[in-house]
Amino acid sequence: MIDCHCHILPGLDDGAADLVESLDLCRWFVSHGYTEVVCTSHRTRLYPNTAETVEQAVAALQLELDQRGIALRLHPSLEYRLIPETWRPERLLPWQDDHLLIELPLRKPEKMGGIVPENEIRQLLADGYQPVLAHPERYLWASPDDYARWHDAGACFQRNLGALEGFYGDPAMERTKWLLEKGWYTFLGTDLHNRHYAEFFDGILP
Ligand SMILES: [Fe+2]
């Protein structure tokens with residue numbers, strides 16, 4: 001099992017704060033049968049990570065895992081927020097050769113400025129990337145037409161683990177059910193940030 005969305009690199013964003021917490025979350029992945037995870041640190045105004053910072057952090061954490069015999073393979077990537085301050089960086093860092101996790105503002109779509117998601121999705125496809133839209137169920141400002149445009153433009157949708165079980169509240173749960181009925185999800189990711197997430201997921205995962 002591979003996770004395509006998590007924040008377990010120490011100190012890079014609002015995920016794991018230090019090495020101890022990172023290792024704890026890595027052990028949690030292994031305990032649930034994960035063998036590989038894509039480390040998608042935020043690239044936002046607050047956390048302006050780059051391909052280089054993530055690659056260095058992954059190499060360092062992988063070394064710590066290997067030294068301890070924790071059987072988890074890490075891959076470096078980012079979760080790119082479509083806001084003018086951070087999008088689009090010169091060097092993109094995809095996972096599985098061409099996949100790129102993109103996200104939209106959770107509460108204020110106006111933060112995108114002049115960025116139009118479906119245009120970015122089409123441009124990424126034209127450039128040889130497969131855009132993956134992170135947790136569409138959390139964009140409560142989005143209309144059915146918005147989702148249809150993003151989907152039709154060619155984005156894969158990534159559902160967050162726990163969204164269907166209420167981890168992000170009832171409105172996001174209802175949105176998840178609607179997107180499931182549409183059949184628009186391709187990926188399921190944990191978006192794991194800390195122990196609090198892990199404990200909730202313990203009640204869902206085998
Ligand atoms: Fe995330």
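First listed ligand is number 1; within each ligand, the first listed atom is number 1. The analysis underlying the following values was restricted to heavy atoms, covering all of them including side chains, and did not include hydrogens, waters or symmetry mates. Residues take their numbers from the sequence shown, with the count starting at 1.
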Can a salt bridge be assigned to the pair D127 and R88 using a cut-off of 4.0 Å between side-chain N and carboxylate O? yes
Is K182 close to F157 at the side-chain level, that is, under 4.5 Å between some pair of heavy atoms? no
More than 12 heavy atoms of other residues, nucleotides or ligands under 6.0 Å from CG of D97: yes or no? no
With sequence neighbours left out, write down each residue that passes salt bridge (Lys or Arg N to Asp or Glu O under 4.0 Å) with E103, or none if nothing qualifies. R81
At a cut-off of 2.8 Å, protein N/O/S around the Fe ion (ligand 1) gives H5 NE2, H7 NE2, E79 OE1, D191 OD1
Decide if atom CZ of R195 counts as having more than 12 heavy atoms of other residues, nucleotides or ligands within a radius under 6.0 Å. yes
Any Lys/Arg nitrogen of R91 or E52 sitting under 4.0 Å from an Asp/Glu carboxylate oxygen of the other? yes
